[in-house]
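Right, one structure below, let's go through it.
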Amino acid sequence: MTTVNSTNAVTPKITKIEQGDARDASAEAIGGNVGEVWRIPVWWGPGNGAWDLPISSNVINANSTVVITASEVDGNGNRFVGSAPFQVDNIAPGNGVVWFKINIGWGSPLPMRTDVTVFN
């Protein structure tokens, strides 16, 4: 992980990730040129500032379309909209990993959850 514009920032660390069976037979195709859609929730320990972060998953490949959302979480891991801005930029999928920039615009570290939606 590399810092972007943070001098006193704390790097977010993954605290929990949910990945069910990577090829769940109960998943439905949505039609068109998309054959599979996956959602990967990831909980992160407290962090702030701007960082390049990776999320690994065997359902991601270099041709995947990936959407990432980020939110602050409370002590129970529940998402909520607080005062701190969370910004996700520059999403770059590769084989087995997606890299993205996150900027948590707050003066102290906050825990977060990202939701990764993968379209193949």
Side-chain angles (χ1 to χ4, degrees):
M1 291 180 253
T2 58
T3 184
V4 178
N5 290 320
S6 302
T7 55
N8 295 321
V10 176
T11 307
K13 306 283 187 215
I14 293 175
T15 60
K16 177 180 166 186
I17 186 168
E18 285 184 13
Q19 291 192 38
D21 182 359
R23 303 290 179 202
D24 186 347
S26 66
E28 291 183 37
I30 62 170
N33 63 352
V34 175
E36 300 172 320
V37 178
W38 305 98
R39 182 179 63 89
I40 306 163
V42 181
W43 287 261
W44 302 79
N48 66 316
W51 299 94
D52 294 339
L53 298 174
I55 296 175
S56 298
S57 173
N58 64 345
V59 300
I60 300 170
N61 66 67
N63 294 316
S64 297
T65 298
V66 178
V67 177
I68 300 175
T69 60
S71 1
E72 188 173 350
V73 293
D74 63 19
N76 295 317
N78 299 312
R79 295 172 283 188
F80 69 95
V81 177
S83 297
F86 283 64
Q87 183 176 344
V88 177
D89 293 303
N90 301 7
I91 300 167
N95 290 324
V97 66
V98 61
W99 281 88
F100 65 101
K101 290 188 181 294
I102 183 77
N103 187 1
I104 302 170
W106 203 246
S108 59
L110 300 172
M112 76 170 163
R113 173 178 165 172
T114 54
D115 284 279
V116 181
T117 306
V118 181
F119 299 90
N120 288 328

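Worth saying up front: this structure is predicted, and the values here are computed from it rather than measured.
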Minimum heavy-atom separation for [X] to [Y], with atom names?
| X | Y | answer |
| --- | --- | --- |
| Gly82 | Glu72 | CA-OE1, 3.9 Å |
| Ser83 | Trp106 | CB-CH2, 3.7 Å |
| Asp52 | Lys101 | OD1-NZ, 2.6 Å |
| Pro93 | Ile60 | CB-CG2, 3.9 Å |

TODO: Only one of Asn95, Asn120, Thr117 passes side chain to side chain donor-acceptor pair (under 3.5 Å) with Ser64; say which it is.
DONE: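 Testing Ser64 for a side chain to side chain donor-acceptor pair (under 3.5 Å) against Asn95, Asn120, Thr117 leaves exactly one candidate, Asn120.
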Task: Derivation of the side-chain contact (heavy atoms from CB on, under 4.5 Å) call for Val67 and Phe119 - done: CA-CA 9 Å; Val67 177; Phe119 299 90; 4.1 Å; yes
Task: Listed partners of Pro85 passing side-chain contact (heavy atoms from CB on, under 4.5 Å), at least two apart - done: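 Pro85 satisfies side-chain contact (heavy atoms from CB on, under 4.5 Å) with no other residue.
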Task: Any donor-acceptor pair under 3.5 Å from Asn61 side chain to Asn63 backbone - done: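 Checked: pair present.
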Taking the side chain as every heavy atom from C-beta outward, state whether [X] and [Y] have any pair of such atoms under 4.5 Å apart.
| X | Y | answer |
| --- | --- | --- |
| Ile91 | Val98 | yes |
| Ile104 | Met112 | yes |
| Val116 | Phe100 | no |
| Thr114 | Val88 | no |
| Trp38 | Ser57 | no |
| Val97 | Trp99 | yes |

- [ ] Using the side-chain contact (heavy atoms from CB on, under 4.5 Å) rule, pick out the option among Leu53, Asp115, Ile14 that qualifies with Val42.
- [x]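 Result for side-chain contact (heavy atoms from CB on, under 4.5 Å) with Val42: Ile14.
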From [atom1] ([X]) to [atom2] ([Y]), nearest 0.5 Å:
| X | Y | atom1 | atom2 | value |
| --- | --- | --- | --- | --- |
| Thr11 | Trp51 | OG1 | CH2 | 3.0 Å |
| Ile68 | Ile102 | CD1 | CD1 | 8.5 Å |
| Arg79 | Trp43 | CZ | CH2 | 8.0 Å |
| Thr69 | Arg113 | OG1 | CZ | 8.0 Å |
| Asn48 | Phe86 | CG | CZ | 9.5 Å |

Task: With Asp89 via salt bridge (Lys or Arg N to Asp or Glu O under 4.0 Å) - residues at least two apart - done: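 Listed in chain order: nothing, the list is empty.
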Open item on the list: If hydrophobic clusters are built by linking Ile, Leu, Val, Met, Phe, Trp and Tyr wherever their side-chain heavy atoms come under 4.5 Å apart, do Ile55 and Val59 end up in the same one?
Closed with: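 Same cluster.
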